[in-house]
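As the structure lists them, so they are numbered: ligands from 1, and atoms in each ligand from 1.
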Amino acid sequence: MEFSVKSGSPEKQRSACIVVGVFEPRRLTNVAEQLDVISEGYISNLLRRGDLEGKAGQVLLLHHVPNVPSERVLLVGCGKERELNERQYKQIIAKTIQTLNETGSMEAVCFLTELHVKGHDTYWKVRQAVEAANDTIYNFYQLKTKKQAPRRPLRKMVFNVSTRKELTLGEKAIEHGTAISAGVLLAKDVSNMPPNICNPKYLNEQSIELAETYSTLKVETVGEEKMAELEMNSYLAVGRGSDNESIMSIIHHKGAPDDQAPIVFVGKGLTFDSGGISIKPGAQMDEMKYDMCGASAVLGLMKTVAELNIPLNIIGVVAGCENMPDANAYRPGDILTTMSGQTVEVLNTDAEGRLVLCDALTYVERFEPEAVIDIATLTGACVIALGQHATAVLSSHNPLAHELINASDQSSDRAWRLPLWDEYQEHIESPFADMANLGGRPAGTITAACFLSRFTKKYNWAHLDIAGTAWLGGAKKGATGRPVPMLTQYLLNKAGVMNED
Ligand code: BES
Ligand code: MN
Ligand code: ZN
């Protein structure tokens with residue numbers, strides 16, 4: 001979809017549809033008021049008759065409103081004016097886009113960006129609207145044989161801002177929001193792709209394709225042979241039960257001189273996690289195709305980074321692997337020597353993500369990074385702790401943890417910090433090896449992060465557990481593309497892109 005901003009009064013707009021808000025109970029916003037005046041009370045009359053109360057998410061589509069040059073006017077309920085918050089704002093935008101998409105307006109001028117959302121400026125409102133709009137129109141129909149798209153989909157959206165001065169902010173917001181949406185879209189598509197298509201090789205091909213599209217990107221590929229040379233035995237062990245070769249793709253974005261230390265992202269890319277010999281129960285096992293959402297978030301993020309040409313050196317590692325049971329598969333009881341030299345006793349082959357990540361995290365030491373952030377659908381315990389609403393942040397480096405939490409607040413892509421105290425390290429002691437790959441049921445998200453922390457001593461590191469946020473189950477099943485918005489915000493902040501205001 002195409003977006004633009006302009007500044008002008010509603011009665012002069014000539015468009016397929018103009019979108020204006022109504023607060024509860026039946027209170028016109030300024031813009032709706034202006035339309036009401038030129039239509040000689042047409043809108044207030046309707047409201048008086050009870051056609052629209054103004055509750056958040058209510059909509060009423062009007063045709064040929066007297067003296068209004070646009071074909072349609074879409075009234076959108078915005079709830080109580082004083083209660084309008086971030087979440088409601090995004091829901092209102094989503095409802096608007098869905099309605100427009102289903103009712104044949106191929107373009108629209110939207111005045112909802114003039115609403116007052118506490119603590120947020122025009123930049124935020126326009127960017128969130130772009131992201132929410134793209135989220136709403138997303139579908140994954142590639143593998144259906146019948147076309148399902150709406151007949152007259154919404155193609156063009158103009159956001160109105162109240163003053164000319166705000167146009168620059170609005171344009172920046174569209175640029176950033178569009179780049180973030182492009183990354184989110186890629187992350188969603190790769191995540192939703194079924195595991196018989198999306199295997200480690202597919203993830204590698206996606207990385208190569210990205211690098212062919214953007215001149216700032218370059219890819220290195222590390223397959224099983226190279227992993228064996230590097231003694232990445234833990235990573236290799238996880239993939240041994242699968243016929244699909246384990247492949248790690250390293251995507252480099254050069255946005256600054258070579259002497260600037262890179263920021264590195266490492267994504268867990270289990271294209272299918274059956275649990276291995278410690279096989280999972282059957283219910284919802286199909287959702288374990290989403291166990292590569294860390295990797296797809298890295299792909300999406302690198303796309304956004306390249307689109308915006310962020311002036312930093314950034315490296316994305318896609319750690320592709322498949323966990324299957326097989327005669328050759330690794331077993332509970334095995335002791336593995338990781339690339340770092342530390343040994344690990346495998347207590348459960350379903351705690352495989354950390355075994356792949358630990359070697360990838362050792363591998364990235366060579367880049368002498370400024371910071372390393374890994375992103376992983378690592379623990380079911382994270383879904384129990386935070387549900388689908390927040391990504392878990394774990395870090396031993398307070399400044400980095402704060403930067404990430406701030407970025408999540410700013411981007412409205414929520415994250416919450418969990419502790420990583422030494423006490424939890426005791427849970428993963430092993431009688432036979434340096435550590436076990438499992439800490440028992442209590443604090444499962446934290447003990448998994450404790451495991452990773454033992455491989456990240458040489459740099460500043462944070463771990464994001466996206467087990468709850470990367471995809472939705474049930475009726476709305478599908479990938480979310482999170483945490484691409486939050487990580488983009490982190491990088492924009494690092495690069496000082498928005499420092500002028
Ligand atoms: N990929 C799973 C974690 C997961 C499960 C994410 C369900 C989202 C939904 C991970 O590899 C796993 O199986 N973890 C185990 C660890 C346990 C064996 C210590 C888990 O969480 O049960
Ligand atoms: Mn597992
Ligand atoms: Zn897994």
Open item on the list: Please name the atom of D291, limited to N, O or S, that comes nearest to the Zn ion (ligand 3).
Closed with: OD2
Task: Side-chain H-bond candidate by donor/acceptor type, Q425 with S453, under 3.5 Å - done: yes
- [ ] Step through the shown structure and confirm whether more than 12 heavy atoms of other residues, nucleotides or ligands are within 6.0 Å of NZ on K280.
- [x] yes
Task: Shortest heavy-atom approach to atom 2 (C) of ligand 1 - which of N437, L355, V238, D273 - done: D273
Open item on the list: Using 2.8 Å as the threshold, say whether any N, O or S atom from D350 sits that close to the Zn ion (ligand 3).
Closed with: no
Task: R414, CZ: over 12 other non-hydrogen atoms inside 6.0 angstrom - done: no
Task: Location of contacts on L270 toward ligand 1, heavy atoms closer than 4.0 Å - done: neither
Task: Minimum-distance protein heavy atom relative to atom 7 (C) of ligand 1 - done: M288 CE, 3.5 Å
TODO: Classify the side-chain pair D434/Q342 by whether it contains a donor and acceptor separated by less than 3.5 Å.
DONE: no
Task: Which residue and heavy atom of the protein sit nearest atom 10 (C) of ligand 1, plus the separation - done: L378 O, 3.3 Å
- [ ] Scan side-chain atoms only and decide if D465 and T379 contain a donor-acceptor pair under the 3.5 Å cut-off.
- [x] yes
Task: Distance-only N or O hit between ligand 1 and W471, under 3.5 Å - done: no
Task: Under-4.0 Å salt bridge between E209 and K303 - done: no
Task: Short N or O distance, D291 and ligand 1, threshold 3.5 Å exclusive - done: yes
Task: contact_flag F451 ligand 1 heavy-atom lt 4.0 Å - done: no
Task: Per-atom contacts of ligand 1 with G380, taking only distances under 4.0 Å to non-hydrogen atoms - done: 3 (C), 4 (C), 5 (C), 20 (C), 21 (O)
- [ ] Go through ligand 1 atom by atom and flag the ones less than 4.0 Å from a non-hydrogen atom of N348.
- [x] 18 (C)
Open item on the list: Whether the N199 and T271 side chains hold a donor-acceptor pair (N or O, under 3.5 Å, no angle test) is what I'd like checked.
Closed with: no
Open item on the list: Please classify the K268 to ligand 1 contact at 4.0 Å (heavy-atom distances, strictly less than): side chain, backbone, both or neither.
Closed with: side chain
Open item on the list: Under a 3.5 Å cutoff, is there a donor and acceptor pairing between the side chains of T469 and T391?
Closed with: yes
Task: Residue K280 vicinity, atoms of ligand 1 by number, heavy atom under 4.0 Å - done: 12 (C), 13 (O)
Task: Test item: protein heavy atom less than 4.0 Å from atom 13 (O) of ligand 1 - done: yes
Open item on the list: Side chains of T337 and N233: any donor to acceptor distance under 3.5 Å?
Closed with: no
Open item on the list: Checking contacts here: is it the side chain or the backbone of L438 that comes within 4.0 Å of ligand 1, counting heavy atoms only? Could be both or neither.
Closed with: side chain
TODO: Would you name the N/O/S atom of E352 that lies closest to the Zn ion (ligand 3)?
DONE: OE2
Task: Nearest-contact summary for atom 6 (C) of ligand 1 - protein heavy atom, Å - done: A467 CB, 3.6 Å
TODO: Please determine if E229 and K226 form a salt bridge, counting it only when a charged side-chain N lies under 4.0 Å from a carboxylate O.
DONE: no
Task: Environment of the Mn ion (ligand 2) in terms of protein N/O/S atoms, cut-off under 2.8 Å - done: D273 OD2, D350 O, D350 OD1, E352 OE1
Open item on the list: So, 4.0 Å and heavy atoms of N323: is ligand 1 close enough to count as a contact?
Closed with: no
Open item on the list: Hydrogens and angles aside, do W461 and D374 bring a side-chain donor and acceptor to less than 3.5 Å of each other?
Closed with: yes
Open item on the list: The criterion is salt bridge (charged side-chain N to carboxylate O under 4.0 Å, His left out); which residues satisfy it with K477, sequence neighbours excluded?
Closed with: D286
TODO: For ligand 1, find out whether one of its N or O atoms is nearer than 3.5 Å to an N or O atom of T377.
DONE: yes
Open item on the list: Salt bridge or not between K90 and E86? Use side-chain N to carboxylate O under 4.0 Å.
Closed with: no
Task: Closest candidate by heavy atom, reference atom 16 (C) of ligand 1, pool E352, R354, M285 - done: R354
Task: S242 and E322: side chain donor to acceptor below 3.5 Å - done: yes
TODO: Could you please spell out the steps behind the side chain to side chain donor-acceptor pair (under 3.5 Å) verdict for Y138 and D189?
DONE: CA-CA 10 Å; Y138 177 82; D189 275 350; 2.6 Å; yes
TODO: Check E287 against ligand 1 and report side chain, backbone, both or neither, counting heavy atoms closer than 4.0 Å.
DONE: neither
Task: Nearest to the Zn ion (ligand 3) - the N/O/S atom of D273, by atom name - done: OD2
Task: CG/N398: more than 12 non-hydrogen atoms of other groups inside 6.0 Å - done: yes
Task: The one among V383, V356, D350 that brings a heavy atom closest to atom 15 (C) of ligand 1 - done: D350
Open item on the list: Check this for me: does any side-chain nitrogen of one of E403 and K494 sit under 4.0 Å from a carboxylate oxygen of the other?
Closed with: yes
- [ ] May I ask you to check whether H253 and Y214 show a side-chain donor-acceptor distance below 3.5 Å?
- [x] no
TODO: Please state whether the separation between the Zn ion (ligand 3) and some N/O/S atom of K268 is under 2.8 Å?
DONE: yes
